[in-house]
Structure formats: structure tokens, C-alpha cells
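Everything below concerns the one structure shown next.
Chain A is the first sequence line, chain B the second, and so forth, proteins listed ahead of strands; every chain is numbered from 1.
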Amino acid sequence: MTDSVPPIVSIENLKAYEGELVTVQGWLYAKTGKGRLQFLQVRDGSGLCQAVVFKKNVSPEDFQAAKELTRESSLRVTGVVKADERAPGFPGGYEIDVRSLEPIQVAEPYPIAPKEHGVEFLMKHRHLWIRAPRQWAILRIRANITRALRYWLDEHGFVNVDTPILTPAAAEGTTTLFEIDYHGEPAYLAQTGQLYNEAAIFAFGRVYCFGPTFRAEKSKTRRHLQEFWMLEPEIAFCDLEELMEVQEQLISYVIQRILVENALELRLLERDLTHLERVRPPFPRLHYDDAVAMINRAAEAGEKVPGYDETVPPIQWGDDFGSPHETYLAAQFDRPVFVHHYPSQVKAFYMEPEPGRPEVCRSVDLLAPEGYGEITGGSERMSDPEKLVAAIQKHGLPLEPYQWYLDLRRYGSVVHSGFGLGLERTVAWICGLEHVRETIAFPRMLHYMRP
RNA sequence: UCCUCGGUAGCUCAAUCGGCAGAGCAUCCGGCUGUUAACCGGACGGUUGAUGGUUCGAGUCCAUCCCGAGGAGCCA
């Protein structure tokens, strides 16, 4: 068997082949030449490892080929796996002592150097930028967050029901929507699947949808995209308190799983893990009344908003929080915090008013720590048909398009609740990123959709 | 939509008071047996975002526009 062809192995599995002859196929991330020695850093999608080409160990042709390889050239290298503390890469610690190599394509000069670049340049080369180690780590974590979210829901009796992306009207009647031509009739890209989820719970009990949503808002901040992915669970026979329990269980599960399964990626991102390790139930709960009092106490004392370089602005009871308010509130806790019972006037029409205190509703937002802002928003839904009709009219919305939605309250209405989780903000928080644009392979931002 | 900052070599940036357009990296050539964004020597590299104006002279000052970044509002 001495003439057998060496196996093609993944870099993440190199360790298992120590001392053996293997082939790795991938792309050249970086190269350092040193006379009769060439260090090749090879990526294959699963990781990155160093391949060492000694002139005396390979044919003259192969050594010359190694010298002529450019960054991002595709290649196969065959050699013996050796443990070496000096070997860079991820997982790292193992390198390939090359015996032969086969360039597949020698790449043209690569525009992205392994050093500092500006945001504009990198975004224009997003199709190439995603090859970089940091982006690789982020997008792998994103994929695993998605997997963990779905896994937890699937294991807890939720049925995945996909909701439409093309919709006839605004679901909440608030935010700006992208309009398209639906065979002569105006239609809109969905900003939420919630109303359809509410129909689905009467068939399946617990459901979730998970897909892209669209907001045509002129938002240009580190927390906003025009197209983002939202996970929306909806649960029958569930009130506000139970809704918060579901959220803290789900989010804690995801984070603890990422800490274990993506330790390598988090290390690559140099993420401070102490914040994430604390994310376990229960999360603190803060009533809107108390939040307002906290903010105004801080405003009076002239406290600074962390990372904002301005003092906490005062707030009137009944107003929604601005970004500085949310950032200040979240900074007062060492884990995500629920803020519940917002004023009804600043929330959507379908949220259940608090019995005996209709000026507030049974709504809840989850604020992530470290300034990442609102990552979920949800509520107990109004279940009484007459109250819902009144709420729709009070918000100045037409009744006719909501007839099917009102049907849900006519045929076996029950207490139910749901929430939406912004995937990109969650990824940014877990990865410790400055901006959500790096949390999705091809972000859609204000006036920016190429590539 | 509003506020603030920015646009100079492929990339990251410098250029004093308005006075010769510069450096590092990348690329190419040569050297080096343990490099980690290697190092040493050499070469190549410019419509200073666009248009108009002020001036003997504009990267620099003025006006308008284009593009980008951060923030506000709104939201996940």
C-alpha cells in the first residue's frame, strides 16, 4: 500500500493525521518566502494551516511553483503532518511538511492585503472580504446561531411555518416599506410575519417563522440594515410572563452553545467571553415606570451615557426610549434586561392593554448589554375581538384588510404571545462587533446594495 | 430628512502660512533555512471625488454637486 494516494483531509482535522502523508486543497492566504524555504498559509474553508516548503524536500519545479504562487491562488499541497508550536493558523499547532504541490490557478494580484483597509474599500470587495479570517469566524458563528435557535425551538414543540414575503399592506402601519408591482397591484416586502404566525398558532399551538424582513427606513447606523433576518416565535396559551421565560431560556441556550462550539471563532475575534458566560436565566425585569424613574434620576445627576459622550437626556412618562436611553438602561445590568409594560400609545395596535391600567400594554423588549440595543421585541396579543376592532380604529387603520386577522378572535380566541428576534443584532452582540454590516454575507444598507 | 466628519498612488495615510506631489504597504526584480502584517537592496506607481470661482500661483480658500463614515429620528 506504499503507492496509495494520500487522503484529502480538512484542515480542521489535521491533528488526527499527525505523521501521515496527506493532501490539503484550498487557497493561499499568505506566503512568506525565505530563500530555500517558503511558508504557505493555506485556507480550505474549514481552517487555516501553514505548509512549509523546504527546497531540499521537493522537486525544483515544485519549489519554483511555490515561489510563484500569489495570494488566493488555488492549490493542492501534499506532505507530512507535523506538530509544531510555531505553526500559525486555526486550529493551528500543526503544519504540513510539503513533499509536492500542485497550483490549480495562480491568482491575479489580490486587492485585499492582510492589513488595515477602510470600510468603503472592504464593502466594495465584500465578495472577497468574506474569505478573511475575521469574516470567516463571524459568518460561521452566525450559521451556528441560526442552527441553535432552530434546534431549541424544534425541541420545544415549535413548528416552523414560513410566512409570506410579498404582502398586501403594512402589518403594523408604522415603518416604511419597500413597494413592488404585484401584477398591477401594489404589494410590499414583509416587515414581519407576525400576523400570519398568529393564524398559524391556532393550527399548531407553537410556531415560528425565520426569514428576511425589509425596512425602507432611512436609517444609517451601526444597528440597521434594509434587509435583515428575523426569528419570530408565536405561542398559544402564553402570557407576558411566560413569554419572557421562553426568551431567556432560548437566548441563554444559544449563547452557552456558541461558547462551546465556536470557541475557536470567538478567540479569533478576541471576544471578551466574561459577558457571554453570565448570560443565564433569569434575566432582570424592569417595568417601564421604573425605567423612566431610573433614566430621570441619572439625567438629574448628569450621568454620562456609556460610549456616547453625552449625558442621559431626561424623558417624559409616555415617550418611547431613544437610543441613548436604551444604552444607559442596558449598561446598568450585567446581562440582557427585559423592559416591559411600555405605554400603549408608542406600541402597535395589537398589544394587550394591562387590565385596570390600559395606558400601558403587555409588551416587552429585550435590551442586550454592551450597547447592542434592542435584540427582541414582543408582547401578549389582544385576544378580545371587540377590543381589537376598537384598537384598529383608534390607530386610524382600515378594518377591511384585517377581517381575516379578526377572524382569529372569533373562532376560539386564546391568550397568546410572541416576539421577534433580530438575527444580525444578536450576531453582532455575541461576536462583539462594532457594526451589523459584518454579520451577514452581503448586507443591504441605505443606498448600498453592491455586490 | 437633519447634524458632524471625511474623499491625495492599487491600499493606509502625510504634505507647515496658499509656494517643487511624499512615505509605508502591495506589485515586479535580486538576496536570505523558521517566517507570523518577515527583513535587506532596487524598480514601477498621481486628472489630489467633480464642476466653477478667487489668486502670479490651489491638494490647501469660496460655491455647488457626487460619494463615503458616524450619529439623530425610526426600529430588530
Side-chain angles (χ1 to χ4, degrees), chain A residues 29-41 48-57 63 67-68 70-71 82 84-90 92 95 97 107-125 132-133 172 174-177 191-192 194 212-232 305 307-310 313 319-327 346-348 365-368 371-378 419-429 434-437 439-440 445-448:
Chain A
Y29 173 64
K31 183 184 74 172
T32 306
K34 214 169 174 308
R36 274 162 278 181
L37 188 56
Q38 298 286 328
F39 297 101
L40 312 180
Q41 288 185 44
L48 182 145
C49 77
Q50 177 165 274
V52 184
V53 188
F54 280 87
K55 194 169 189 175
K56 65 174 183 184
N57 286 345
F63 189 77
K67 277 176 78 172
E68 288 172 3
T70 55
R71 267 182 307 118
K82 285 187 172 168
D84 193 317
E85 285 177 3
R86 295 169 297 185
F90 34 91
E95 64 184 21
D97 187 6
E108 292 176 30
Y110 193 63
I112 302 180
K115 56 168 191 169
E116 294 279 316
H117 286 289
V119 171
E120 185 181 1
F121 176 82
L122 289 170
M123 288 310 301
K124 277 183 179 157
H125 295 85
E172 299 179 0
T174 51
T175 48
T176 325
L177 303 178
Q191 57 162 334
T192 172
Q194 184 208 315
T213 52
F214 307 88
R215 306 278 166 95
E217 293 154 0
K218 306 275 188 210
S219 297
K220 191 178 158 65
T221 81
R222 68 183 70 192
R223 298 183 302 279
H224 289 90
L225 296 171
Q226 302 288 293
E227 175 184 312
F228 66 97
W229 283 64
M230 188 156 65
L231 172 72
E232 295 180 278
V305 182
Y308 262 80
D309 205 42
E310 69 177 76
D319 287 347
D320 205 355
F321 300 133
S323 287
H325 297 131
E326 280 187 2
T327 303
V346 301
K347 288 293 182 181
D365 286 356
L366 183 65
L367 307 183
Y372 286 98
E374 188 184 339
I375 55 170
T376 78
F419 68 95
L421 177 143
L423 179 62
E424 285 75 14
R425 286 187 185 176
T426 304
V427 176
W429 167 42
E434 287 295 312
H435 202 297
V436 291
R437 66 181 156 231
T439 64
I440 184 167
M445 296 179 294
L446 189 59
H447 305 139
Y448 210 113

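Listed by chain and residue number, A/Gln41 satisfy the side chain to side chain contact (heavy atoms under 4.5 Å, CB included) test with A/Ala30 (two or more places apart in sequence, or in another chain). Contacts of A/Leu37 classified as side chain to side chain contact (heavy atoms under 4.5 Å, CB included), with partners at least two apart in sequence or in another chain: A/Lys34, A/Phe39, A/Val52, A/Phe54. Residues passing the salt bridge (Lys or Arg N to Asp or Glu O under 4.0 Å) test with A/Glu434, sequence neighbours excluded: A/Arg222. The ring pair (Phe, Tyr, Trp, His ring centres under 6.0 Å) check on A/His224 picks up nothing, with sequence neighbours excluded. Residues satisfying the ring pair (Phe, Tyr, Trp, His ring centres under 6.0 Å) criterion with A/Tyr29, sequence neighbours excluded, are absent altogether. In terms of the salt bridge (Lys or Arg N to Asp or Glu O under 4.0 Å) criterion, A/Lys218 has no residue partners (sequence neighbours excluded). With sequence neighbours left out, A/Thr213 forms a side chain to side chain contact (heavy atoms under 4.5 Å, CB included) with A/Phe228, A/Met230. A/Ala428 pairs by the side chain to side chain contact (heavy atoms under 4.5 Å, CB included) definition with A/Tyr372, A/Leu433, A/Val436, A/Thr439, not counting sequence neighbours. Checked against side chain to side chain donor-acceptor pair (under 3.5 Å), A/Lys347 has the following partners two or more places apart in sequence or in another chain: A/Asp365.
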Base contacts versus sugar-phosphate-only contacts with protein, heavy atoms under 4.0 Å: please encode nucleotides 30-45 of chain B as B, S and - from 5' to 3'. --BBBBBBB-------

Polar-atom pairs under 3.5 Å, protein N or O versus N or O of nucleotides 1-9 of chain B: list them with distances, or write none.
from : atom 1 : to       : atom 2 : distance (Å)
B/U1 : O4     : A/Lys218 : O      : 3.0

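The separation of B/G6 from B/C44, taken at their C1' atoms, amounts to 30 Å, rounded to a whole angstrom. Atom C1' of B/U54 sits at a distance of 27 Å from the matching atom of B/A14, rounded to the whole Å. If you take atom P in B/C62 and the same atom in B/U55, they sit 16 Å apart, rounded to whole Å. Spacing of C1' atoms, B/A38 relative to B/C32, comes out at 11 Å, to the nearest Å. For the C1' atoms, the distance from B/G7 to B/U12 is 14 Å, rounded to whole Å. When the P atom is compared between B/G52 and B/G59, the two are found 15 Å apart, to the nearest whole Å. Comparing B/G31 with B/G19, their C1' atoms are spaced 42 Å from each other, to the whole Å. For the P atoms, the distance from B/U36 to B/A76 is 48 Å, rounded to whole Å.
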Its dot-bracket string being built from Watson-Crick and G-U pairs below 3.5 Å, with | for another strand and [ ] for crossing, RNA chain B has the pattern (((((((..((((.....[..)))).(((((.......))))).....(((((..]....))))))))))))....

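When the P atom of B/C75 is taken as reference, atom CD of A/Glu326 falls 10 Å away, rounded to whole Å. Distance CD (A/Gln226) to P (B/C75): 15 Å, rounded to an integer number of Å. Rounded to whole Å, the distance from CD on A/Glu434 to P on B/A69 is 15 Å. Between A/Met445 atom CE and B/C75 atom C1' the separation is 17 Å, expressed in whole Å. Taking atom CZ on A/Arg71 and atom P on B/A26, their separation rounds to 8 Å, with Å as the unit. Between the P atom of B/G70 and the CD atom of A/Glu310 lies a distance of 18 Å, rounded to the nearest Å. Atoms CZ (A/Arg437) and P (B/G68) sit 12 Å apart, rounded to a whole Å. A straight line from CZ of A/Arg425 to C1' of B/C75 spans 6 Å, rounded to a whole angstrom.
With distances taken from any side-chain atom of A/Phe121 to the nucleotides B/A76, B/U12, B/G73, the minimum falls on B/U12.
At B/G73, one or more side-chain N or O atoms of A/Ser323 fall inside 4.0 Å of OP1 or OP2 (strictly under the cut-off). In terms of phosphate contacts, A/His435 brings a side-chain nitrogen or oxygen within less than 4.0 Å of OP1 or OP2 of B/G70.
In this structure, A/Phe63 and A/Gly35 approach most closely via the heavy-atom pair CZ-O, 3.3 Å.
No contact: A/Thr213 has no heavy atom under 4.0 Å from any strand. Nucleic acid contact for A/Gly322: sugar-phosphate only, since backbone atoms but no base atoms lie under 4.0 Å from a heavy atom of the residue. Residue contacts shown for A/Ile112 are absent, as no nucleic acid heavy atom lies under 4.0 Å away.
Each of A/Arg223 and A/His117 was matched to the nucleotide of RNA chain B holding its nearest heavy atom; the match closer to the 5' end belongs to A/His117.
Using a cut-off of 4.0 Å between Lys/Arg side-chain N and Asp/Glu carboxylate O, A/Arg86 and A/Asp84 are scored as salt-bridged.
With A/Thr426 as the partner, the side-chain contact (heavy atoms from CB on, under 4.5 Å) test is satisfied by one option alone out of A/Leu421, A/Leu231, A/Thr376, A/Leu366: A/Leu421.
Counting non-hydrogen atoms of other residues, nucleotides and ligands closer than 6.0 Å to CD of A/Glu116 gives a total of 12 or fewer.
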